[in-house]
Amino acid sequence: MARVLKQFTLPPSLLFPQGWSGTVPDLRRIQEALAGRVSLRNAFRSLPRWIAGVDVGLGRFAKIARAAAVLVDSRTLLPVAEAVVEQPVALPYIPGLLSFRELPVVLQALAQLPRRPDLLMCDGQGIAHPRRFGIAAHLGVATGLPSIGVAKSILVGTHDSLPGRQGAQRPLLIDGEGVGTVLRSRAGCAPLIVSPGHRIGIERAADFVMAMLTRYRLPEPTRLADRLSKPPRDTEHR
DNA sequence: GCGACAG
DNA sequence: ATCTTGTCGC
């Protein structure tokens with residue numbers, strides 16, 4: 001059952017005031033209001049043990065959203081629990097409003113985990129967003145849990161040129177304000193865009209992501225969730 | 001008015 | 001996000 005979700009802090013009415021529906025301007029106003037609940041204060045001094053990665057994959061014609069939540073033990077970087085939930089897609093993808101499309105099913109998947117994560121990592125932006133309220137920030141505020149956004153590309157913001165070596169970092173700026181970190185997680189790969197979601201600062205968010213890297217471009221929690229969220233591909237050829 | 005635009 | 005085989009570089 002929904003063991004974890006019941007422990008989450010805010011009631012649905014406060015998480016999504018318009019019940020996920022409404023016009024684009026309506027949804028933007030919701031983000032502006034909820035952005036005020038985001039905290040950049042660090043909830044942890046060092047990497048906590050239980051980290052959940054979440055991601056959403058779409059079927060062939062984007063009819064079904066498949067959310068995956070993978071609980072990883074940061075001491076071993078190995079998965080200790082997984083959950084997958086599928087649900088019809090309710091909204092189209094609109095840049096800047098991703099969370100309204102993906103969060104409903106993500107919350108369902110998180111609810112299936114056997115224990116409450118200490119920290120969440122998800123695909124997409126945290127505060128590196130036009131209204132400082134990307135999906136990672138929304139997820140953090142919705143659950144009350146610390147969260148970090150790990151995106152594969154920039155939504156908004158600029159940065160100085162980034163060295164090619166692994167570990168290189170540059171601040172991501174929006175109108176001169178630091179909102180995240182452009183991080184070369186792996187040499188020869190496009191950098192990751194790391195930004196705080198909730199209850200963590202810019203610098204520590206990048207540190208925690210680095211601590212979860214192995215040989216791949218994505219940190220383990222997100223990488224595993226990404227794989228799990230992909231619908232099984234047809235192998236049949238008539 | 002014209003592009004840009006997480007997943 | 002998804003559609004897709006082979007191929008070039010760290």
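Chain letters run A, B, ... following the sequence lines, proteins first, then strands; residues in each count from 1.
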**Student:** For Tyr93(A) and dG7(B), say yes or no: do the ring centres fall under 5.5 Å of each other while the ring planes differ by less than 30°?
**Tutor:**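 Tyr93(A) ring centre within cut-off of dG7(B) base, planes near parallel; stacks.
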**Student:** Once you apply a heavy-atom cut-off of 4.0 Å, does Leu97(A) come out as touching a base, just sugar-phosphate, or nothing?
**Tutor:**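 Base, at least one base atom sits under 4.0 Å.
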**Student:** Distance check needed: dA6(B) P versus Leu192(A) CG, whole Å only.
**Tutor:**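 Taking atom P of dA6(B) as the reference, CG of Leu192(A) is at 15 Å.
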**Student:** Among Val150(A), Thr181(A), Thr222(A), Val182(A), exactly one meets side chain to side chain contact (heavy atoms under 4.5 Å, CB included) together with Leu192(A). Which residue is that?
**Tutor:**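 So the option named by the test is Val150(A).
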**Student:** With a non-hydrogen cut-off below 4.0 angstrom, is Lys63(A) in contact with a base, only sugar-phosphate, or nothing?
**Tutor:**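 Counting heavy atoms under 4.0 Å across all strands, no contact is made by Lys63(A).
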**Student:** Would you classify Gly96(A) as touching base, sugar-phosphate or nothing, given that sugar-phosphate means primed atoms plus P, OP1 and OP2, and contacts are heavy atoms under 4.0 Å?
**Tutor:**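 Base contact - Gly96(A) has a heavy atom under 4.0 Å of at least one base atom.
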**Student:** Check nucleotides 2-4 of chain B for protein N or O atoms closer than 3.5 Å to its own N or O atoms and list the pairs.
**Tutor:**
none

**Student:** Would you say the side chains of Thr23(A) and Asp26(A) form a donor-acceptor pair under 3.5 Å?
**Tutor:**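 Note: Thr23(A) and Asp26(A) side chains meet the donor-acceptor criterion.
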**Student:** Grab the CD1-P distance between Ile174(A) and dC5(B) for me, whole Å please.
**Tutor:**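 Interatomic distance, CD1 of Ile174(A) to P of dC5(B): 13 Å.
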**Student:** Rounded off to whole Å, could you give me the CD1-to-C1' distance for the Ile154(A) and dC5(B) pair?
**Tutor:**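 Computing the Ile154(A):CD1 to dC5(B):C1' distance gives 12 Å.
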**Student:** Expected output check: what is the dot-bracket annotation of DNA chain C, where ( ) and [ ] are pairs inside the strand (brackets for crossing ones), | is paired with another strand, and pairs are Watson-Crick or G-U under 3.5 Å?
**Tutor:** ..........
**Student:** Nearest to the side chain of Lys152(A), heavy atoms from C-beta on, is which of dC10(C), dA6(B), dG7(B)?
**Tutor:**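 From the listed options, dG7(B) comes nearest.
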**Student:** Of all the nucleotides listed (dG7(B), dA6(B), dC10(C)), which has the minimum atom distance to the side chain of Asp55(A)?
**Tutor:**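 Within the option list, the nearest is dG7(B).
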**Student:** Measure the CG-CD1 distance between Leu103(A) and Ile135(A) for me, rounded to the nearest 0.5 Å.
**Tutor:**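 Atom-to-atom, Leu103(A):CG and Ile135(A):CD1 are 4.5 Å apart.
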**Student:** Can you tell me the distance, in whole Å, between the CD atom of Glu102(A) and the P atom of dG7(B)?
**Tutor:**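 Roughly 9 Å, once rounded to whole Å.
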**Student:** Find every protein N or O atom lying less than 3.5 Å from an N or O atom of nucleotides 6-9 of chain C, and list the pairs.
**Tutor:**
none

**Student:** Under 3.5 Å, side chain of Arg199(A) to main-chain N/O of Gly140(A), donor-acceptor pair present?
**Tutor:**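 Answer holds: no.
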**Student:** What I want to find out is whether Arg223(A) reaches Glu220(A) closely enough, with some N-O distance under 4.0 Å, to be called a salt bridge.
**Tutor:**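 Salt bridge flag = yes for Glu220(A) with Arg223(A).
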**Student:** By nearest nucleotide on DNA chain C, pick out whichever of Asp226(A) and Gly188(A) is the more 5' one.
**Tutor:**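 Per heavy-atom nearest nucleotide, the more 5' residue is Asp226(A).
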**Student:** Can you measure Phe61(A) atom CZ to dA1(C) atom P for me and round it to whole angstrom units?
**Tutor:**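 One finds 18 Å between P of dA1(C) and CZ of Phe61(A), rounded.
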**Student:** Enter the distance from Ile202(A):CD1 to Ile127(A):CD1 here, rounded to the nearest 0.5 Å.
**Tutor:**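 Interatomic distance, Ile202(A) CD1 to Ile127(A) CD1, rounded to 0.5 Å: 5.0 Å.
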**Student:** Rounded to whole Å, how long is the line connecting atom NE2 of His138(A) with atom C1' of dA6(B)?
**Tutor:**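 To the nearest whole Å, that distance equals 15 Å.
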**Student:** Using 30° and 60° as the class boundaries, would you call the ring planes of Phe44(A) and Phe208(A) parallel, tilted or perpendicular?
**Tutor:**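 It falls in the tilted class, 30° to 60°.
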**Student:** Output the single nucleotide from dA1(C), dA6(B), dC3(C) whose closest atom is nearest the side chain of Arg60(A).
**Tutor:**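 Nearest to the side chain of Arg60(A) among the choices is dC3(C).
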**Student:** Which nucleotide, dC5(B), dC10(C), dA1(C), lies nearest any side-chain atom of Leu155(A)?
**Tutor:**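 The nucleotide sitting nearest to the side chain is dC5(B).
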**Student:** Round to a whole Å and report the spacing from CG of Leu27(A) to P of dC5(B).
**Tutor:**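 My rounded result for the distance is 22 Å.
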**Student:** Rounded to the nearest angstrom, tell me the gap between atom CG in Leu58(A) and atom P in dA1(C).
**Tutor:**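 It is 9 Å, rounded to the nearest whole Å.
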**Student:** When you measure from the side chain of Arg217(A) to the backbone of Pro191(A), do you find a donor-acceptor pair of N or O atoms at a distance under 3.5 Å?
**Tutor:**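 Yes; judged by distance alone, with no hydrogens or angles, the pair exists.
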**Student:** Are Ser153(A) and dG7(B) close enough that a side-chain N or O sits under 4.0 Å from OP1 or OP2?
**Tutor:**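 True: Ser153(A) side-chain N/O within range (under 4.0 Å) of dG7(B) OP1/OP2.
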